[in-house]
Amino acid sequence: MNKVFSGLPVTVFEAMSQLARDNDAINLGQGFPDDPGPEDIRRAAADAVLNGYNQYPSMMGIPELRQAIATHYAHWHGVNLDPMTEVMVTSGATEALASAILAVTSPGDEVIVFQPVYDSYLPIIRQAGGVPRLVRLEPPHWRITEEALRKVFNHKTKAIVFNNPLNPAAVVYPREDLELLARFCQEYDAVAICDEVWEHVTFDGVEHVPLMSIPGMRDRCIKIGSAGKIFSLTGWKVGFVCAAPPLLRVAAKVHQFLAFTTAPNLQVAVAYGLGKDDDYFLSMRKDLARSRDRLAEGLKQIGFPVIRSQGTYFLTVDLAPLGLSGIVVRIGFCPRWRRDTC
Ligand code: PMP
């Protein structure tokens with residue numbers, strides 16, 4: 001059957017997990033906590049399964065969850081969304097990203113992405129016939145510069161895919177960089193696909209600012225979130241897409257042929273979780289920061305320079321002490337260390 005062929009690469013998560021299995025190694029390459037996740041949210045999902053939420057829900061997501069997403073973002077980020085026309089639920093951020101990229105990219109369109117780049121962006125952009133334009137961010141600060149943007153934006157630029165907080169570099173972008181990016185998006189009439197799945201996982205009082213909240217960006221951003229990251233329930237694959245109605249409508253057109261809908265019991269539980277007190281989110285950040293500090297300290301003691309991690313489950317070390325100059329690697333930390341040993 002040599003007519004069937006995929007040019008798509010194997011995801012880095014599959015490759016690294018296989019290597020970890022083959023070598024009987026601890027897998028710090030994939031970002032998931034080895035903790036069961038918040039019990040009340042898991043119980044809400046179990047109750048919903050037993051009490052009737054088992055048939056196809058609305059393609060756009062159950063109304064309770066769309067309302068909870070809108071309320072949550074208004075509370076945390078001051079972004080006001082209409083739950084019925086500006087919010088859609090997807091099967092994880094991965095599906096949300098594919099829907100958004102396939103929706104806005106036509107063959108020949110240029111799409112700007114920032115390196116280090118999250119694994120799924122380039123294959124989907126290419127699958128849509130788009131041409132990726134890469135901006136290389138440099139450690140240790142990974143800042144966005146006007147000079148770098150001038151080199152890639154042009155009249156063929158259709159969109160940018162922007163991950164903030166940035167996995168794997170663990171940087172949370174300051175307002176100044178967001179304003180710079182916003183200025184370019186407006187000048188070249190580009191859509192911003194904003195992968196903000198790590199929005200709640202920020203440390204040391206650093207606050208995430210959604211690009212959508214920057215003046216002039218409200219109607220040109222497709223903001224993507226993930227309940228898996230917010231609640232450390234990575235296997236749930238419940239994602240959110242928030243955008244002005246014309247952008248949400250095109251993303252929804254793709255979503256109907258990808259996953260169409262998402263497990264309704266999980267949607268009920270995520271709606272419950274998003275309404276939890278601020279304390280829940282703030283103490284989750286503190287616990288993860290302790291895990292980060294513990295791993296960073298251990299790495300420093302054995303001679304690896306650790307780059308500051310402002311958010312995400314990851315930190316990055318410089319491999320120069322091993323004679324590999326210019327190479328940095330991402331390492332995940334997890335709540336298990338907090339529970340057992342800190
Ligand atoms: N974007 C980024 C930057 C991520 O780190 C991840 C998960 N590792 C995703 C998207 C995918 O999220 P989900 O599991 O909700 O599909």
Side-chain angles (χ1 to χ4, degrees), residues 10-17 20 27-35 37 41 45 61 65 69 72 87-102 111 113-125 137 142 159-173 192-202 208 210-211 221-242 251 254-255 258-263 266-267 269-270 273-274 288 292 309-316 329-335:
V10 173
T11 148
V12 69
F13 306 115
E14 202 42 43
M16 296 308 287
S17 299
N27 184 4
L28 299 182
Q30 190 170 10
F32 61 88
D34 48 0
D35 182 285
I41 301 180
L65 178 53
I69 294 165
H72 188 83
V87 178
M88 175 170 80
V89 178
T90 56
S91 292
T94 309
E95 197 231 332
L97 282 160
S99 298
I101 294 169
L102 293 170
V111 180
V113 295
F114 298 84
Q115 287 177 305
V117 58
Y118 182 67
D119 206 40
S120 75
Y121 304 165
L122 295 176
I124 303 292
I125 293 168
L137 303 165
W142 316 95
I160 66 168
V161 185
F162 179 56
N163 179 209
N164 180 35
L166 177 62
N167 170 13
V171 64
V172 182
Y173 278 96
I193 298 171
C194 304
D195 178 348
E196 300 186 355
V197 300
W198 297 101
E199 59 199 339
H200 266 298
V201 187
T202 62
H208 167 72
L211 190 59
C221 284
I222 302 181
K223 172 175 167 44
I224 291 171
S226 170
K229 299 301 183 298
I230 296 177
F231 300 113
S232 296
L233 292 165
T234 58
W236 278 25
K237 303 296 281 187
V238 179
F240 329 132
V241 180
C242 302
V254 180
H255 163 68
L258 286 180
F260 184 70
T261 191
T262 300
L266 300 183
Q267 294 195 47
V270 169
L274 289 174
L288 282 166
R292 171 202 62 174
S309 163
Q310 300 174 305
T312 77
Y313 293 160
F314 310 108
L315 48 77
T316 312
V329 293
R330 181 195 88 160
I331 301 177
F333 44 89
C334 63

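Whatever order the structure lists ligands and atoms in, that order sets their numbers, starting from 1.
Asp195 and Tyr121 are linked by a side-chain donor-acceptor pair at a separation below 3.5 angstrom, with hydrogens and angles left out of the test. At a cut-off of 3.5 Å, with distance as the only test, a side-chain donor of Asp119 or Thr11 sits close to an acceptor on the other residue.
To the nearest 0.5 Å, atom CG of residue Leu266 and atom CD1 of residue Ile41 are 11.5 Å apart.
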Let me see the working for Thr94 and Lys237 under side chain to side chain donor-acceptor pair (under 3.5 Å), right down to the final yes or no.
CA-CA 8 Å; Thr94 309; Lys237 303 296 281 187; 3.2 Å; yes
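Considering both main-chain and side-chain atoms, Leu97 never comes within under 3.5 Å of ligand 1 through any nitrogen or oxygen pair. Where the criterion is an N or O separation shorter than 3.5 Å, residue side chain and backbone included, Thr94 meets it with respect to ligand 1. Ligand 1 has a nitrogen or oxygen under 3.5 angstrom from a nitrogen or oxygen of Ser226. For a threshold of 3.5 Å applied to N or O pairs, the pair formed by Lys237 and ligand 1 contains at least one separation below that value. Geometrically, ligand 1 and Asp195 share a nitrogen or oxygen pair separated by less than 3.5 Å. By the 3.5 Å distance cut-off applied to N or O atoms, Asn167 is counted among the residues near ligand 1.
Ring-plane geometry between Trp198 and Tyr313 is classed as perpendicular, the angle between the planes exceeding 60 degrees on a 0 to 90 degree scale with a lower cut at 30.
Checking Ile193, Ile124, Val241, Ile222 one by one against Leu97, the side-chain contact (heavy atoms from CB on, under 4.5 Å) holds for a single residue, Ile193.
Here Glu199 pairs with Lys223 in a salt bridge; the nearest charged N to carboxylate O distance falls below 4.0 Å.
The contact set between ligand 1 and Trp198, taken as ligand atoms under 4.0 Å from a residue heavy atom, comprises 3 (C), 4 (C), 5 (O). Atom numbering of ligand 1 starts at 1 in the shown order; those under 4.0 Å from a heavy atom of Gly92 are 15 (O), 16 (O). Shown in contact with Asn163 at under 4.0 Å from a heavy atom are these atoms of ligand 1, numbered in order with element: 3 (C).
Only the side chain of Lys229 comes within 4.0 Å of ligand 1, counting heavy atoms alone; its backbone N, CA, C and O stay farther away.
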